[in-house]
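Just below is one structure, and these are the notes that go with it.
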Amino acid sequence: MADALQRLVGQFENDPSLLEPNQLRRRLEALDRMDAYFPDIAQSAFGTESTDADLCRQAKAICARFEAVNSGLYEAVRRDIQRGLGSDTLLRWLHAPPKEEMVTPADGMGYDYLDELISGVFQFEEPIAGHAQKEPEIVPYQPTPARHIFGLIGLAALTASDVLVDFGSGMGHVPLLVSICTQARSIGIELEANYIQRAQQCAQSLNLKNVTFLHQDAREADLSSGTVFYLYTPFTGSVLRSVLDRLRREAATRRIRICTYGPCTSVIANELWLEAVEAPEPHRIALFNSREMSAAP
Ligand SMILES: C[S@@+](CC[C@H](N)C(=O)[O-])C[C@H]1O[C@@H](n2cnc3c(N)ncnc32)[C@H](O)[C@@H]1O
């Protein structure tokens with residue numbers, strides 16, 4: 001174990017490019033590889049010999065340096081967002097790594113370095129999950145992976161006349177990124193008061209004016225201003241049915257669009273009043289247009 005860690009320490013010490021702020025993805029991979037040793041170091045005799053203890057100190061010092069560069073980077077991105085320049089900054093990151101170096105697939109649920117970036121920039125305080133998370137038909141909170149949120153922003157081509165409504169917005173990743181990266185207004189609707197509070201704190205600290213978070217049940221919220229409605233499978237069964245029926249009534253008065261991610265996509269694909277823009281798949285963002293009501297069966 002000590003030999004392997006020694007090799008890693010040597011490799012990272014001799015690669016100053018890892019300290020360049022734009023090398024976030026490589027730095028996060030390096031931190032992951034080093035992290036794998038620390039629980040063992042704490043539990044085993046490893047670290048008691050003076051050479052091992054030195055190695056351990058060196059490894060921790062490298063981690064601290066990498067984390068300091070990451071913190072500086074997150075602060076710089078926060079400042080850009082506060083000055084209204086967040087869209088260009090974040091989109092640069094989205095296109096940063098050459099395609100062949102991408103370690104995670106574009107599709108699928110897994111999180112990647114973009115989620116680390118967003119979490120470092122948003123700096124949410126840890127929320128306490130409330131009772132709603134335990135009710136049947138309520139899907140517990142997990143955020144849409146950041147690359148899919150950017151996928152949504154690209155696919156829906158949101159403009160200043162759009163209002164995106166995220167049903168079950170959790171800590172607000174989707175409305176916050178929409179507000180940073182587009183001219184559209186965004187609204188997050190969420191049952192958990194704690195999540196709403198965290199999302200509002202984040203919007204305020206980033207000086208975002210075009211995003212609102214409402215502590216409400218999606219079945220009761222006012223949908224009249226929404227033009228694009230997003231669901232990352234927030235609920236199932238009768239709750240999903242009730243919200244889809246409300247959306248269908250909205251669609252009787254004007255054209256709306258629905259974006260989905262996850263298992264709810266297959267349920268929503270069966271709604272006859274909706275038309276998929278392209279063949280929907282649950283592990284990618286899907287986009288549906290409401291049909292002209294006279295054309296809807
Ligand atoms: C899978 S998470 C989606 C989080 C967020 N939309 C995202 O994509 O990052 C589902 C969220 O929906 C919320 N939720 C479930 N039922 C709800 C309801 N009836 N009204 C409002 N929010 C609800 C849950 O509390 C949870 O935070």
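When a ligand or atom number is given, it counts from 1 through the structure's own listing order.
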Worksheet item: If you measure only the distance, is there a donor-acceptor pair under 3.5 Å linking the side chains of Q23 and R26?
Response: yes
Worksheet entry | S169 and ligand 1 - part of the residue with a heavy-atom distance under 4.0 Å | backbone
Practice prompt. Using a strict cut-off of 4.0 Å, indicate which atoms of ligand 1 neighbour a heavy atom of Q142.
Written response: 1 (C), 2 (S), 3 (C), 4 (C)
Fill in: D217-ligand 1 polar pair, N/O distance under 3.5 Å
yes
Item to complete: Nearest heavy atom to atom 15 (C) of ligand 1 wins, so pick from G168, A199, S242, P234.
Response: P234
Fill in: Per-atom contacts of ligand 1 with G170, taking only distances under 4.0 Å to non-hydrogen atoms
27 (O)
Worksheet, complete the sentence: Interatomic distance, CD@E116 vs CG@L28, rounded to 0.5 Å, equals 5.0 Å
Worksheet item: Does a salt bridge link D162 with R257, judged by any charged N lying under 4.0 Å from a carboxylate O?
Response: yes
Let me check something: any side-chain donor-acceptor pairs from residues 262-270 under 3.5 Å, sequence neighbours excluded? List them with distances.
from, atom 1, to, atom 2, distance (Å)
T265, OG1, T260, OG1, 2.8
T265, OG1, G262, O, 3.0
S266, OG, P263, O, 3.1
N270, ND2, S266, O, 3.4

Worksheet, complete the sentence: A student checking ligand 1 against A218 at a 4.0 Å heavy-atom cut-off should list atoms 18 (C), 19 (N), 20 (N), 21 (C)
Worksheet item: What do you reckon, does P140 put a non-hydrogen atom under 4.0 Å from ligand 1?
Response: yes
Practice prompt. For E190, take its heavy atoms, then give the atoms of ligand 1 lying under 4.0 Å from any of them.
Written response: 11 (C), 12 (O), 13 (C), 21 (C), 22 (N), 24 (C), 25 (O), 26 (C), 27 (O)
Worksheet item: For S205 and R78, does a side-chain donor sit closer than 3.5 Å to a side-chain acceptor?
Response: yes
Worksheet item: Purely on distance, is any nitrogen or oxygen of D166 under 3.5 Å from one on ligand 1?
Response: yes
Worksheet item: Any idea which atoms of ligand 1 are less than 4.0 Å away from a heavy-atom of Y195?
Response: 27 (O)
Discussion item. Could you check whether any side-chain heavy atom of M171 comes within less than 4.5 Å of a side-chain heavy atom of Y141, counting everything from C-beta outward?
Written reply: yes
Discussion item. Once you restrict to heavy atoms under 4.0 Å, what part of F235 touches ligand 1? Side chain, backbone, both or neither.
Written reply: side chain
Fill in: Proximity to ligand 1 by part of Y261, non-hydrogen separation under 4.0 Å
neither
Item to complete: Just jot down the side-chain contact (heavy atoms from CB on, under 4.5 Å) partners of S87, sequence neighbours excluded, or say none.
Response: L91, C181
Discussion item. Please check whether L191 reaches ligand 1 - meaning an N/O of the residue sits under 3.5 Å from an N/O of the ligand, judged on distance alone.
Written reply: yes
Discussion item. So is Q216 touching ligand 1 or not, going by heavy atoms under 4.0 Å?
Written reply: yes
Item to complete: Flag V139 as yes when one of its N or O atoms lies below 3.5 Å from any N or O atom of ligand 1, and as no otherwise.
Response: no
Worksheet item: To the nearest 0.5 Å, how far apart are OH in Y232 and SG in C259?
Response: 15.0 Å
Worksheet entry | Sub-4.0 Å atoms of ligand 1 with respect to non-hydrogen atoms of Y232 | 1 (C), 3 (C), 8 (O)
Worksheet item: Can a salt bridge be assigned to the pair R255 and E292 using a cut-off of 4.0 Å between side-chain N and carboxylate O?
Response: yes
Fill in: Residue Y230 vicinity, atoms of ligand 1 by number, heavy atom under 4.0 Å
8 (O)
Item to complete: For atom 9 (O) of ligand 1, state which one of T144, V239, L231 supplies the nearest heavy atom.
Response: T144
Fill in: Y74 and S119 side chains, donor-acceptor separation under 3.5 Å
no
Item to complete: Classify the angle between the aromatic ring planes of F124 and H173 as parallel (below 30°), tilted (30 to 60°) or perpendicular (above 60°).
Response: tilted
